[in-house]
2 protein chains.
Amino acid sequence: MQNSEAMALSAALLAVAGELTRRIHDGVVARGFEGVRPAHGFAFTRLAPDGATVTDLAAHLGVTKQAASQLVDELVRKGYAERRPHPGDARARLVVLTESGWACTRAAEEAVAEVVRTWGGVLGEADVRALREALLRITPDGPIRPAW
Amino acid sequence: MQNSEAMALSAALLAVAGELTRRIHDGVVARGFEGVRPAHGFAFTRLAPDGATVTDLAAHLGVTKQAASQLVDELVRKGYAERRPHPGDARARLVVLTESGWACTRAAEEAVAEVVRTWGGVLGEADVRALREALLRITPDGPIRPAW
DNA sequence: AATATATGGTCAACTTACTTGACCATTTTC
DNA sequence: GAAAATGGTCAAGTAAGTTGACCATATATT
């Protein structure tokens with residue numbers, strides 16, 4: 001592969017990722033959820049199943065636990081999450097989504113589906129599937145990190 | 001396409017984009033360029049051919065011209081760019097890369113090539129090509145924006 | 001069992017990378 | 001030639017992270 005082709009791949013990947021983020025955000029806002037930032041979405045995916053501790057969240061997001069705690073403060077203030085006592089560890093607290101938090105999560109999923117549908121319109125179903133499979137194979141482990 | 005498949009695609013795309021950014025940054029640092037942020041790379045790609053004005057740069061990056069100006073201040077302070085009078089418009093200034101700026105650009109290109117090579121090792125050349133073509137077809141116009 | 005160390009969490013202060021608002025110099029429009 | 005638009009900067013404010021200090025509880029050491 002030529003150097004310029006690698007650069008084109010890199011630029012396209014980053015541009016598409018930026019556009020995806022923007023359109024998810026717009027879609028969530030369009031569904032009536034304001035004051036939500038992209039970073040909150042990644043917190044939601046970690047909180048969604050059964051809740052998580054602030055420390056879990058910090059590791060998932062790749063930030064300090066202080067930053068994660070401030071983010072939880074914000075989610076609580078906006079009514080998307082709440083802190084509950086942690087069963088079995090009196091130091092810890094379990095952060096869980098409220099009903100509003102679940103609704104916002106569903107809105108984000110709808111927004112994602114909408115964007116992917118437009119990609120399907122351009123590429124066709126088979127190529128979208130191939131894109132997904134290729135990306136899954138090169139997906140790294142480790143914390144979710146902003147693309148820049 | 002199922003909703004969960006769309007979510008998997010979205011998550012993989014964002015994770016790969018974040019990892020790419022991180023590895024480019026690491027590669028540039030490993031080649032001896034310190035104090036460079038990912039955002040500088042996008043500025044470099046705009047400045048590279050013939051230079052650009054601060055306003056051009058702001059549009060390219062999707063930020064205010066004040067922010068672009070501050071970013072140029074930083075690049076100048078670090079020796080990667082310089083402000084020259086603009087030929088044909090005495091209001092404007094042409095921001096161009098210094099030799100050090102070009103060297104840093106080349107280092108970033110090498111780092112990108114290195115990452116894409118590892119993807120080639122996992123996917124094979126044909127699938128990397130297909131990935132590039134698919135991404136190019138869904139690449140949006142407009143300013144480069146952070147993925148979150 | 002008692003003590004030492006590690007872990008979960010928060011408070012406070014600081015930093016960074018942006019923003020908005022005001023303003024000046026030059027260019028373009030009419 | 002005057003009015004409006006454009007390129008750029010200065011200054012101050014804001015958002016989202018950081019580091020450092022600290023407390024409460026849990027785990028490990030002896």
Side-chain angles (χ1 to χ4, degrees), chain A residues 18 21-22 25 29 34-44 46-47 50-78 80-96 143-148, chain B residues 18 21-22 25 29 34-44 46-47 50-78 80-96 143-148:
Chain A
T21 301
R22 194 187 59 74
H25 180 258
V29 169
E34 303 215 6
V36 199
R37 290 180 289 121
H40 296 151
F42 294 96
F44 282 15
R46 185 70 187 75
L47 299 177
D50 308 296
T53 64
V54 163
T55 298
D56 286 343
L57 206 51
H60 180 69
L61 298 176
V63 297
T64 60
K65 56 186 182 174
Q66 292 93 323
S69 186
Q70 289 174 26
L71 190 136
V72 169
D73 284 345
E74 198 182 339
L75 292 179
V76 169
R77 198 171 347 104
K78 290 176 176 162
Y80 295 123
E82 60 186 13
R83 290 184 167 95
R84 310 181 132 222
H86 192 292
D89 189 339
R91 294 170 303 177
R93 313 174 72 170
L94 195 59
V95 182
V96 298
I144 303 276
R145 305 217 40 120
W148 66 93
Chain B
T21 302
R22 194 187 60 74
H25 180 259
V29 170
E34 303 215 4
V36 199
R37 289 180 290 120
H40 296 151
F42 293 95
F44 282 14
R46 186 70 187 75
L47 298 177
D50 307 297
T53 64
V54 162
T55 298
D56 286 344
L57 206 51
H60 180 70
L61 298 176
V63 298
T64 61
K65 56 186 181 174
Q66 292 93 324
S69 186
Q70 289 173 22
L71 190 134
V72 170
D73 285 344
E74 198 182 337
L75 292 179
V76 169
R77 198 171 347 104
K78 290 176 177 164
Y80 295 123
E82 60 186 13
R83 289 184 169 94
R84 309 180 133 223
H86 192 291
D89 189 339
R91 295 169 304 178
R93 314 174 73 171
L94 195 59
V95 182
V96 297
I144 302 276
R145 306 220 35 124
W148 67 92

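In what follows, chains carry the letters A, B, and so on, assigned in the order in which the sequence lines appear, proteins first and then strands, with residues in each chain numbered from 1.
Rounded to whole Å, atom P of D:dG8 lies 8 Å from atom NE2 of B:H86. Protein atom CG of B:D73 is 12 Å distant from nucleotide atom P of D:dG8, rounded to whole Å. At whole-Å resolution of the value, CG in A:D56 and C1' in C:dG9 are 13 Å apart. Atom NZ of B:K78 and atom C1' of C:dA17 are 12 Å apart (whole Å). Straight-line distance from the CZ atom of B:R37 to the P atom of D:dG17: 15 Å, rounded to whole Å. Nucleotide C:dG9 holds its P atom 10 Å from the CG atom of A:L57, rounded to whole Å. Between B:R77 atom CZ and C:dA17 atom C1' the separation is 12 Å, expressed in whole Å. The CG-C1' distance, from B:L71 to C:dT16, rounds to 12 Å in whole Å.
Neither OP1 nor OP2 of D:dT27 sits under 4.0 Å from any side-chain N or O of A:R91. In this structure, A:R93 reaches the C:dT10 phosphate: one of its side-chain N or O atoms is under 4.0 Å from OP1 or OP2. Of the side-chain N and O atoms in A:T53, one or more sit less than 4.0 angstrom from OP1 or OP2 of C:dG9. Note on A:S69: every side-chain N or O is 4.0 Å or more away from OP1 and OP2 of C:dG9.
Judged by distance alone with a 3.5 Å cut-off, no donor-acceptor contact links the side chain of B:Q70 to the base of D:dT9.
B:T21 has its side chain out of reach of A:R145: every pair of non-hydrogen atoms, C-beta onward, lies at least 4.5 Å apart.
In the set C:dT10, D:dC10, C:dT27, D:dC10 carries the atom at the smallest distance from any side-chain atom of B:Q66. In this structure, of D:dG20, C:dA22, C:dG8, it is C:dG8 that holds the atom nearest to the side chain of A:T55. Checked against D:dT9, C:dT19, D:dG7, the side chain of B:A92 finds its nearest nucleotide in D:dG7. Nearest to the side-chain atoms of B:V63 among the listed nucleotides C:dG8, C:dT19, D:dG17 stands C:dT19. Comparing atom distances between the B:E74 side chain and each of D:dA16, D:dG8, C:dA17 picks out C:dA17 as nearest.
Between the CZ atom of A:R93 and the OG atom of A:S69 there is a distance of 8.5 Å, given to the nearest 0.5 Å. Taking NE2 of A:H40 as the start and NZ of A:K78 as the end, the distance is 5.5 Å to the nearest 0.5 Å.
The closest donor-acceptor contact from the side chain of B:H25 to the backbone of B:R22 lies at 3.5 Å or more, if one exists at all. Judged by distance alone, with hydrogens and angles left aside, the side-chain atoms of A:H86 form no donor-acceptor pair with the main-chain N or O of A:V95 at under 3.5 Å.
Between B:R83 and A:D89, the residue whose closest nucleotide on DNA chain D is further toward the 5' end is B:R83.
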